[in-house]
Amino acid sequence: MVFGNAPRALRPYICSSCAKSLKLRSRKFATAASPDIYDVACVGGGPAGLSLLTALRSSKATSHLRLALIESQDLDRVRKWNLPPDQYSNRASSLTPSSQAFLSQIGAWPHIDTSRVQPYHHMRVWDGLSSTARITFDSPTPEPAIAHMIENQNLTRALLARLDSLEPISLLDKTSVREIHLGPPPSPLTPEPTYLNLSSYPHVTLSSNQTIAARLLIGADGPNSAVRTFAGIETRGYDYNRDGVVATLKLPSSFAHHPSSPRGVTAYQRFLPSGPIALLALPGPYASLVWTTTPSQSALLKTLSPEDFTAMVNAAFRLSAVDLNYMFTLPSNQLSEFQWRDSVHPSTASEAKGEIPHLISSVQQGSIASFPLRLRHASSYTTSRIALIGDAAHTIHPLAGQGLNMGLSDSKALAEAIEYAVCHGADIGDEMGCLDRYKGEVWWGNQRLLGAVDKLHWLYSVGSGPVVGVRKWGLRAVDVMGDLGVKGWLMRQAGGL
Ligand SMILES: Cc1cc2nc3c(=O)[nH]c(=O)nc-3n(C[C@H](O)[C@H](O)[C@H](O)COP(=O)(O)OP(=O)(O)OC[C@H]3O[C@@H](n4cnc5c(N)ncnc54)[C@H](O)[C@@H]3O)c2cc1C
């Protein structure tokens, strides 16, 4: 019964006389079409939303809160997600050690299928216009790795499994948001203290016609966040006019990047003028591709035969930018074009030294897809009774593999702010009592990271002129500086430290 639960949810914050008053109101409301009241309602069950709810449920201080998740997709499909060992999802992310630590802390890591997770210990990053301008990152010890490659669905399935193992929350899946509005104005006849005043609570009308009200409404609903629109929070940024082309690739089995290999596993990224191309190892002979390129080149890549697509990926790691651009002008036959060009300038020496990846042998059927890339940052992450996390708050260029990690660090910071408010008897929907703490913890750090990644994108999209020379010199200098200075900073960002 809807309101019958509300006093339990509010117990930590209100005195017994207020609880009595709420109980009386509950009876009054229960007769009309009344909203279901929650402490925290989260719109969006991606990595950010699920990790926040799991963190709240797994902490002693916040485990009693009344929680709801509103998710438009069918969560049973997430629970049942299962691919054979020779197939990998094309949506995979590199998870930093601090994200991994957070997932362990909230009890989700043991639910991850680690046979499908690949740690990597080295990164090779180089300028597409100069093979000598390169930077190398090496993890000094096997543990921690620089990061772990994980399929996004492996992660969300684990978060959901952990959430299912805890005290149940209201999982409103296959349900989307129809409207968000504030509650009815308070009755002048029965004035209430602000924190019991439903007029300040966001009310969410769902596609099921149910209405829920929340002391704190979370927008974890991705880049086109309905919660952010309701809150009137502006975003700053622009479209990159670039697509992120993703695919699952296969290397020859003899070159499988096995974790026990003495060299460890290496991630590769080459900065081409149209954008970076990255090859990130998955277990066995598989790898995940993220190739930033122009919309027209991305459109061509998606029309190619698997053989020609594979040839383009190999060309992008080995041939000059001029050769590659020429191959983009061909409607087909990239394979034979690559074979003769590679035979003229073979890259076997660089391959033997591990400076470039091995030749890709094939692409998994149906795995090629593309996503438009955008930079967006919300001017604030909070307003009264509302907080944004994950892509609802920021979208970042994938070249540093940070988007999902930023969402997890938002969840961690928000869960801690809520925990602090609960322990100190503050209202979790209040900006001063709770939400400012969250915003203060993450906004500026995210702003710095978004700015740095954006500058890297622009620095490397310049194809000629003095910037190219400065860039070559700069990259070598950064590499020589070792783990101090800029290289150390880049390494800490990659590791989320
Ligand atoms: C090509 C590419 C490569 C990337 N690689 C990396 C990487 O290596 N490392 C990394 O850290 N990040 C990476 N990212 C970024 C990462 O994928 C995202 O940052 C992350 O998935 C965002 O998670 P989220 O939970 O905030 O949002 P989402 O995953 O978008 O989840 C939002 C959820 O909200 C639901 N929803 C939306 N609207 C509504 C509504 N109105 N009602 C109900 N439900 C709703 C959706 O169904 C969805 O489940 C990459 C991104 C791209 C495009």
Side-chain angles (χ1 to χ4, degrees), residues 41-53 68-75 77-78 89-96 98-100 120 146-153 155-156 159-160 171-180 204-208 217-230 240 242-247 267 269 275-280 282 288-293 298 368-376 378 388-411 446 449-450 453 493-494 496:
C42 176
V43 184
L50 285 174
S51 60
L52 173 73
L53 294 169
L69 171 66
I70 301 146
E71 168 56 53
S72 50
Q73 293 184 42
D74 181 353
L75 290 176
R77 288 186 60 189
V78 179
S89 162
N90 59 6
R91 289 308 307 271
S93 297
S94 108
L95 207 62
T96 61
S98 43
S99 293
Q100 190 190 348
Y120 60 87
I146 292 179
H148 286 75
M149 279 307 290
I150 182 170
E151 294 155 287
N152 292 8
Q153 281 160 303
L155 173 61
T156 45
L159 285 164
L160 199 51
L171 291 174
L172 308 168
D173 66 343
K174 293 174 273 175
T175 305
S176 56
V177 171
R178 227 176 47 206
E179 195 194 23
I180 309 178
V204 185
T205 306
L206 305 174
S207 49
S208 57
L217 179 65
I218 308 293
D221 44 351
N224 303 316
S225 170
V227 176
R228 191 184 63 222
T229 305
F230 162 72
Y240 280 112
R242 291 287 186 277
D243 280 2
V245 177
V246 295
Q269 181 151 258
I277 178 166
L279 186 95
L280 300 144
L282 292 167
S288 179
L289 172 79
V290 182
W291 186 351
T292 300
T293 191
S298 142
I368 305 170
S370 70
F371 302 89
L373 302 181
R374 301 186 178 103
L375 167 71
R376 292 278 190 284
L388 305 177
I389 56 174
D391 276 18
H394 40 71
T395 45
I396 188 168
H397 194 295
L399 72 86
Q402 290 296 323
L404 188 144
N405 292 294
M406 288 165 82
L408 293 180
S409 96
D410 295 345
S411 298
N446 286 347
L449 190 54
L450 285 157
V453 169
Q493 294 308 312

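Each ligand, and each atom within it, is numbered from 1 in the order the structure gives. Note that this is a predicted model, so its numbers are computed, not measured.
- For ligand 1, the atoms sitting less than 4.0 Å from at least one non-hydrogen atom of A220 are 32 (C), 33 (C), 34 (O), numbered in the order shown with element in parentheses.
- Put simply, the side chain of S176 never gets that close to the backbone of S72: no donor and acceptor are under 3.5 Å apart.
- In terms of heavy-atom proximity, P276 sits nearest to L399 at CG-CB, 3.7 Å.
- The shortest contact between atom 37 (C) of ligand 1 and any protein heavy atom is with D221 O, 3.4 Å.
- Considering backbone and side-chain atoms alike, V246 places every N or O at 3.5 Å or more from each N or O of ligand 1.
- Between I368 and A247, the closest heavy-atom pair is CG1-CB, 4.0 Å.
- Side chains of D391 and T395: no donor on one and acceptor on the other come within 3.5 Å.
- When atom types are taken as modelled, the side chain of N90 and the backbone of V246 share no donor-acceptor pair closer than 3.5 angstrom.
- The nearest protein atom to atom 9 (N) of ligand 1, hydrogens excluded, is given as G401 O, 3.1 Å; this is a heavy-atom distance.
- Of all atoms in ligand 1, numbered sequentially from 1 with element shown, those under 4.0 Å from a heavy atom of G46 are 25 (O), 31 (O), 33 (C), 49 (O).
- Close approach to V177 involves these atoms of ligand 1, each under 4.0 Å from a residue heavy atom: 41 (N), 42 (N).
- From the protein, the heavy atom lying nearest to atom 25 (O) of ligand 1 is A48 N, 3.0 Å.
- Nearest approach of V227 to I218, heavy atoms of both residues: CG2-O, 4.1 Å.
- The protein heavy atom nearest to atom 43 (C) of ligand 1 is S72 N, 3.4 Å.
- The backbone N or O of S298 sits nowhere less than 3.5 Å from a side-chain atom of D243 that would complete a donor-acceptor pair.
- Of the listed residues (G44, P47, G222), the one carrying the non-hydrogen atom nearest atom 29 (O) of ligand 1 is P47.
- For N405, a nitrogen or oxygen atom sits less than 3.5 Å from a nitrogen or oxygen atom of ligand 1, counting backbone and side chain alike.
- Using a 4.0 Å cut-off between heavy atoms, S225 makes no contact with ligand 1 at all.
- The shell of residues lying under 4.0 angstrom from ligand 1, judged by heavy atoms, excludes L95.
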Begin with the C-alpha distance, continue with both residues' side-chain angles, and end with the deciding distance and a verdict on side-chain contact (heavy atoms from CB on, under 4.5 Å) for L95 and L408.
CA-CA 10 Å; L95 207 62; L408 293 180; 3.9 Å; yes

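- Residue G390 approaches ligand 1 through these ligand atoms, each under 4.0 Å from one of its heavy atoms: 26 (O).
- L404 N, 2.9 Å is the protein heavy atom nearest to atom 12 (N) of ligand 1.
- Using 4.0 Å as the threshold, S94 has a heavy atom nearer than that to some atom of ligand 1.
- Annotation: G49 places no N or O atom under 3.5 Å from an N or O atom of ligand 1; distance criterion only.
- Only the side chain of N152 comes within 4.0 Å of ligand 1, judged by heavy-atom distances.
- Atom 47 (O) of ligand 1 has E71 OE2, 2.6 Å as its closest protein atom, hydrogens excluded (heavy atom only).
- Of the protein's non-hydrogen atoms, the one nearest atom 3 (C) of ligand 1 is P398 CB, 3.7 Å.
- In this structure Y240 satisfies the ring pair (Phe, Tyr, Trp, His ring centres under 6.0 Å) test together with Y238, H397, H457, sequence neighbours excluded.
- Of the listed residues (R91, R178, Q73), the one carrying the non-hydrogen atom nearest atom 17 (O) of ligand 1 is R91.
- Contact detail for S93 and N152: the closest heavy-atom pair is OG-OD1, 2.8 Å.
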Apply side-chain contact (heavy atoms from CB on, under 4.5 Å) to the pair L450 and M406, showing each step before the final yes or no.
CA-CA 10 Å; L450 285 157; M406 288 165 82; 4.1 Å; yes

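- In the vicinity of T175, heavy-atom distances shorter than 4.0 Å reach the ligand 1 atoms 43 (C).
- Listed for the R228 side chain is a donor-acceptor partner under 3.5 Å among the backbone atoms of A392.
- Shown here are the salt bridge (Lys or Arg N to Asp or Glu O under 4.0 Å) partners of E151, two or more places apart in sequence or in another chain: R116.
- In terms of heavy atoms, S94 sits closest to M149 at CB-SD, 3.5 Å.
- Those atoms of ligand 1 that come under 4.0 Å of a heavy atom in S93, given as number and element, are 6 (C), 7 (C), 8 (O), 9 (N), 10 (C), 12 (N), 13 (C).
- The contact set between ligand 1 and D391, taken as ligand atoms under 4.0 Å from a residue heavy atom, comprises 18 (C), 19 (O), 22 (C), 26 (O).
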